[in-house]
K.L.:
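My questions will all concern the structure given below.
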Amino acid sequence: MNILAQTEETLKQEIAAAVINANLAAEEEIPDIILEKPKDKAHGDFASNIAMQLARIAKKAPRQIADEIVKSLDQSKASIDKVEIAGPGFINFFTKNDFLGELIPTIMTAGEAYGKTNTGNGEKIQVEFVSVNPTGDLHLGHARGAAFGDVLCNVLDTAGYDVEREYYINDAGNQIDNLALSVEARYLQALNKDAAMPEDGYHGSDIIEIGKTLALEYGDKWVNMEREERLAFFKEYGLDFELGKIKKDLADFGVAFDSWFSERSLYKEDKVTNALKTLEDGGYIYEKDGATWFRSTDFGDDKDRVLIKQDGTYTYLTPDIAYHQNKLERGFDKVINVWGADHHGYIPRMRAAIQALGYSRDKFEVKIIQMVNLFENGEKLRMSKRTGKAVALRELMEEVGVDAVRYFFVTRSNDSQLDFDLNLARSQSNDNPVFYVQYAHARICTMLKQAVEKGFAAEEKYDASLLTAEKEIDLLKKLGEFPQMIADAAEKHTPHKVTQYVFDLASLLHSFYNAEKVLDQGNPELTKARIALMKAVRITIANGLKLIGVTAPEKM
RNA sequence: GUCCCAGUAGCUCAGCUGGAUAGAGCAACAGCCUUCUAAGCUGUGGGUCGCAGGUUCGAAUCCUGCCUGGGACGCCA
């Protein structure tokens with residue numbers, strides 16, 4: 001399946017064999033053989049620094065070592081065309097290009113599955129992301145987290161991990177009581193009654209809307225009701241409304257969760273008290289100043305944390321510990337949390353909790369998503385012009401479309417802040433990388449359509465060895481990297497590599513397109529081979545875009 | 001004061017489990033449409049990789065200190 005990786009593996013083995021044959025080092029002395037893909041084509045397809053690494057062990061000059069390795073190397077086995085020694089002792093390998101020809105049928109046969117590998121070995125990974133409190137709209141920062149989390153999951157899945165996407169619903173605790181109080185105030189206000197918003201109330205227009213809806217639907221039915229009953233109803237009503245809106249926004253943004261986990265279920269099933277007991281049994285709990293504390297400093301946190309406040313209620317951390325205990329009890333090999341930058345300070349205490357619960361610290365991982373800055377006409381937008389509040393995902397989707405939002409949000413590494421340029425995202429020009437990539441896909445589709453019209457039937461045989469032009473080789477090599485790129489992105493949790501790859505591939509396609517003509521009636525054999533190449537490129541671009549969650553249009 | 005992230009071309013960013021001449025896009029400049037979509041291509045110029053030490057045959061990459069920007073340091077969530 002992954003031809004490039006196979007070649008690389010064989011080559012590594014052959015190098016190791018050559019080192020032993022040349023008596024340069026014993027088998028156990030050989031360092032990990034690293035083959036890198038040189039940036040400069042003149043340095044071959046693979047380069048090895050093994051000679052420099054062996055300099056100390058073999059007590060010889062790197063270039064001499066390199067020379068001896070090359071002499072002992074069985075070039076036929078490793079499908080090597082040419083070997084050069086360069087610089088301080090690099091060995092540059094030029095692979096035979098014929099194997100690239102196999103790539104096209106491989107890609108065509110795999111189709112949508114091209115890019116899949118089993119590097120993840122079915123490792124069970126849970127990714128929890130977004131998890132916004134159901135008390136308001138999804139904003140810019142949440143949107144970036146949503147895009148990052150979703151694409152990360154796509155990448156993990158494609159690389160052979162067993163992924164579950166989860167959203168943790170904070171449907172218990174203070175913020176929800178506050179929601180109920182806010183709804184109550186807005187309801188009463190809608191009926192022209194005097195009612196003040198709670199101190200930490202939610203002032204969004206959506207809550208006003210809920211109040212009005214309730215007033216319309218129920219009139220003054222709830223005014224004279226027992227307050228407890230009234231609030232209980234408003235709480236559920238508000239929760240359903242807000243959660244419904246979040247679910248709709250995410251669905252429209254192309255993010256689908258496998259599981260929506262309710263915080264309440266933790267209480268219902270006594271998970272919180274169980275978690276507390278686990279910590280207590282471990283001896284990590286003590287009482288002080290009328291509160292119950294978790295000795296998180298045992299695991300490197302800079303201070304201990306309160307679990308049960310003086311007033312007897314839990315802090316935010318307590319149910320969260322129970323939640324993570326539950327996650328890990330579900331048998332995941334790793335749980336990844338995607339958090340906003342403002343939560344980074346929370347990591348040490350959570351990691352401490354994981355360990356206090358008896359789990360290894362590296363089962364728990366947090367990806368921090370740095371801030372998003374919105375720009376328009378060169379100016380930083382602090383707030384939405386429409387609502388005067390933080391810019392909502394909904395607003396952004398309507399403004400520039402889902403494709404652009406998703407693409408831009410995963411272009412940058414998660415730990416770099418991101419400048420989102422509205423003008424650029426909106427622009428239908430070559431400045432806009434989303435269009436650039438989509439255009440490459442559409443271009444191919446047009447060619448393929450015309451190929452059929454010109455009588456180059458789809459099923460015809462072709463000879464891939466005719467693809468010898470530089471731009472063709474470049475394209476083939478890039479196509480071959482696709483599965484490895486995904487595996488790499490999955491391992492390093494760097495979904496932005498996909499955006500980069502797809503851009504580079506599109507760039508090679510455009511370059512090829514301008515240099516060579518695909519449909520040439522005068523040269524049907526070459527045309528058939530090129531059509532096959534175009535099909536392979538199209539599949540790969542489409543698969544890449546799908547990972548990002550961006551559409552691959554056939555016409556633009 | 002402590003912790004996290006960032007500092008790479010005029011701008012926005014890749015590269016960071018050490019490797020050869022540090023890359024891309026945009027912006028600037030010069031070219032390419034009787035030929036499959038010019039939403040494209042080709043070329044040129046542009047860099048003390050924040051600063052100072054250290055480790056190494058070799059540092060943008062690892063270590064230490066400092067500077068700048070952003071964020072976090074609640075018995076809030």
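Everything numeric here is computed off the predicted structure, so don't read it as measured data. Every chain is numbered from 1, with letters handed out A, B, ... down the list of sequences.
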K.L.:
Taking only side-chain nitrogens and oxygens of A/N49, does any of them come within less than 4.0 Å of OP1 or OP2 of B/G19?
P.N.:
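Checking B/G19 against A/N49, no side-chain N or O comes under 4.0 Å of OP1 or OP2.
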K.L.:
Please report the distance separating the P of B/G70 from the corresponding atom of B/A59, rounded so that it comes out in whole Å.
P.N.:
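The answer is 33 Å between these two P atoms.
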K.L.:
Find the distance A/D415:CG to B/A14:C1' and express it as a whole number of Å.
P.N.:
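In whole Å, B/A14 C1' and A/D415 CG are 13 Å from each other.
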K.L.:
By the rule that syn is within 90° of 0, classify the base conformation of B/C4 as syn or anti.
P.N.:
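Anti for B/C4; the angle lies over 90° from 0.
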K.L.:
Given atom NE2 of A/H43 and atom C1' of B/A22, what is their separation to the nearest angstrom?
P.N.:
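Roughly 14 Å, once rounded to whole Å.
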K.L.:
Reading RNA chain B from 5' onward, which residue's closest nucleotide shows up sooner: A/P348 or A/T411?
P.N.:
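Between the two, 5'-proximity favours A/P348.
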K.L.:
Using atom CH2 of A/W339 as one end and atom C1' of B/A77 as the other, report the distance to the nearest whole Å.
P.N.:
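Checked: the CH2 to C1' distance equals 12 Å.
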K.L.:
Counting any heavy atom closer than 4.0 Å, what does A/A47 reach on the DNA or RNA strands: base, sugar-phosphate only, or nothing?
P.N.:
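Counting heavy atoms under 4.0 Å across all strands, the contact made by A/A47 includes a base.
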K.L.:
Do A/I207 and A/E242 have side chains that approach each other closer than 4.5 Å (heavy atoms only, starting at C-beta)?
P.N.:
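Side-chain contact under 4.5 Å: yes.
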K.L.:
Using Watson-Crick or G-U wobble geometry with both distances under 3.5 Å, which nucleotide pairs with B/U44?
P.N.:
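Paired with B/U44, as far as the under-3.5 Å criterion goes, is B/A28.
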K.L.:
Counting Watson-Crick and G-U wobble pairs only, both distances under 3.5 Å, name the nucleotide matched with B/A60, or none.
P.N.:
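In the structure as shown, B/A60 has no Watson-Crick or wobble partner.
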K.L.:
Is any side-chain N of the basic residue among A/R264 and A/E236 closer than 4.0 Å to the acidic one's carboxylate O?
P.N.:
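Yes.
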K.L.:
I'd like to know if A/E399 pairs up with A/R426 as an ion pair, taking the criterion as any Lys NZ or Arg NE/NH1/NH2 lying under 4.0 Å from an Asp or Glu carboxylate oxygen.
P.N.:
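Yes, A/E399 and A/R426 are salt-bridged.
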K.L.:
Whole-Å distance between B/G15 C1' and A/H496 NE2?
P.N.:
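That distance rounds to 9 Å.
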K.L.:
Quote, to the nearest angstrom, the P distance that separates B/A20 from B/C66.
P.N.:
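Between the two P atoms, the distance is 31 Å.
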K.L.:
Could you please name the partner base of B/C16, counting Watson-Crick and G-U wobble pairs only when both distances are under 3.5 Å?
P.N.:
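Its partner is none (no Watson-Crick or G-U wobble pair with both distances under 3.5 Å).
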K.L.:
Do A/R530 and A/D520 sit within salt-bridge range, that is, some charged N less than 4.0 Å from a carboxylate O?
P.N.:
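A/D520 and A/R530: not salt-bridged.
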K.L.:
May I ask which nucleotide in the shown strands pairs with B/G69, Watson-Crick or G-U wobble, both distances under 3.5 Å?
P.N.:
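B/G69 is paired, partner B/C5.
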K.L.:
Applying a 3.5 Å limit to both distances, which nucleotide forms a Watson-Crick or G-U wobble pair with B/A39?
P.N.:
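B/A39 is unpaired by these criteria.
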K.L.:
Return the value, rounded to whole Å, for the distance between atom CG of A/N133 and atom C1' of B/C76.
P.N.:
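From A/N133 CG to B/C76 C1': 11 Å.
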K.L.:
I want to verify a distance call: between B/C36, B/A38, B/U12, whose nearest atom is closest to the A/R412 side chain?
P.N.:
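Of the options given, the side chain of A/R412 lies nearest B/U12.
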K.L.:
Name the nucleic acid region contacted by A/A515, choosing base, sugar-phosphate or nothing; use a 4.0 angstrom heavy-atom cut-off, strictly under.
P.N.:
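Result for A/A515 = nothing.
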K.L.:
Write down the distance separating the C1' atoms in B/A14 and B/A9, rounded off to the nearest Å.
P.N.:
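It works out to 13 Å between them.
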K.L.:
Between A/E554 and A/K449 (salt bridge meaning N to carboxylate O under 4.0 Å), is one present in this structure?
P.N.:
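Result for this pair is no, no salt bridge flagged.
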K.L.:
What's the CD-P distance between A/E84 and B/A20, to the nearest Å?
P.N.:
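So the CD-P distance, A/E84 to B/A20, works out to 17 Å.
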K.L.:
For nucleotides 68-75 of chain B, give me one character per nucleotide, 5' to 3': B if any protein heavy atom sits under 4.0 Å from the base, S if the only such contacts are to the sugar-phosphate, - if neither.
P.N.:
--SBSSSB
K.L.:
Output yes when at least one side-chain N/O atom of A/S416 is less than 4.0 Å from OP1 or OP2 of B/A14, else no.
P.N.:
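Yes, A/S416 has a side-chain N/O under 4.0 Å of OP1/OP2 on B/A14.
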K.L.:
Work out how far the P atom of B/C4 is from that of B/U44, and round it to whole angstrom.
P.N.:
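Their P atoms lie roughly 44 Å apart.
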K.L.:
Write down the partner of B/U21 under the Watson-Crick or G-U wobble criteria, each distance required to be under 3.5 Å.
P.N.:
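Its partner is none (no Watson-Crick or G-U wobble pair with both distances under 3.5 Å).
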K.L.:
Need to verify one output field. Residue with the more 5' nearest nucleotide on RNA chain B, A/S413 or A/S48?
P.N.:
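Nearest nucleotide further toward 5': that of A/S413.
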K.L.:
Which class fits the ring pair A/F261 and A/Y323: parallel under 30°, tilted 30 to 60°, perpendicular over 60°?
P.N.:
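The arrangement is tilted - the two ring planes meet at 30° to 60°.
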K.L.:
Quick one: list whatever passes side chain to side chain donor-acceptor pair (under 3.5 Å) with A/E287, sequence neighbours left out.
P.N.:
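A/E287 satisfies side chain to side chain donor-acceptor pair (under 3.5 Å) with A/T292 once adjacent residues are dropped.
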K.L.:
So does A/N92 reach the base of B/A20 with its side chain, donor to acceptor, closer than 3.5 Å?
P.N.:
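Side chain to base: pair present.
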K.L.:
Going by the angle between their ring planes, with limits at 30° and 60°, are A/W339 and A/H343 parallel, tilted or perpendicular?
P.N.:
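Judged by the thresholds at 30° and 60°, the geometry between A/W339 and A/H343 is tilted.
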K.L.:
Would you classify A/Y513 as touching base, sugar-phosphate or nothing, given that sugar-phosphate means primed atoms plus P, OP1 and OP2, and contacts are heavy atoms under 4.0 Å?
P.N.:
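The residue A/Y513 makes base contact.
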K.L.:
Work out how far the P atom of B/U55 is from that of B/G1, and round it to whole angstrom.
P.N.:
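That atom pair is separated by 30 Å.
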K.L.:
For B/G45 versus B/A6, give the span between their P atoms, rounded off to a whole number of Å.
P.N.:
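Their P atoms lie roughly 32 Å apart.
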K.L.:
From the options B/A39, B/G19, B/C13, select the nucleotide whose nearest atom is closest to the side chain of A/Q53.
P.N.:
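From the listed options, B/G19 comes nearest.
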K.L.:
Write down the distance between NZ (A/K517) and P (B/U35), rounded to a whole number of angstrom.
P.N.:
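In whole Å, B/U35 P and A/K517 NZ are 9 Å from each other.
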K.L.:
Kindly point out which of B/G19, B/C36, B/A39 is positioned nearest to the side chain of A/M556?
P.N.:
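Of B/G19, B/C36, B/A39, B/A39 is nearest to the side chain of A/M556.
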K.L.:
Heavy atoms under 4.0 Å, any strand shown: does A/K492 hit a base, just sugar-phosphate, or nothing?
P.N.:
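Touches a base.
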K.L.:
Could you measure between the two P atoms, the one in B/A77 and the one in B/C62, and give it in whole Å?
P.N.:
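Nearest-Å result for B/A77 against B/C62 at atom P: 37 Å.
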K.L.:
Does the side-chain ring of A/F90 sit on the six-membered ring of the B/A20 base, less than 5.5 Å centre to centre and under 30° in tilt?
P.N.:
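Yes, A/F90 stacks on the base of B/A20, since the ring centres sit under 5.5 Å apart and the planes are within 30°.
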K.L.:
Quick one: do A/E263 and A/K271 make a salt bridge, cutoff under 4.0 Å?
P.N.:
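No.
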K.L.:
Could you tell me which nucleotide pairs with B/C33 by Watson-Crick or G-U wobble geometry, both distances under 3.5 Å, or answer none if nothing does?
P.N.:
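Pairing partner, where one exists within any strand: none, as none qualifies.
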K.L.:
Please report the distance, rounded to the nearest Å, between CZ in A/F375 and C1' in B/U12.
P.N.:
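Going from CZ in A/F375 over to C1' in B/U12 covers 10 Å.
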K.L.:
For B/C13 versus B/C75, give the span between their P atoms, rounded off to a whole number of Å.
P.N.:
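Pairwise P distance, B/C13 against B/C75, rounds to 35 Å.
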K.L.:
Indicate yes or no: does A/D474 engage A/K478 in a salt bridge with an N to O separation below 4.0 Å.
P.N.:
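Answer for the salt bridge query: no.
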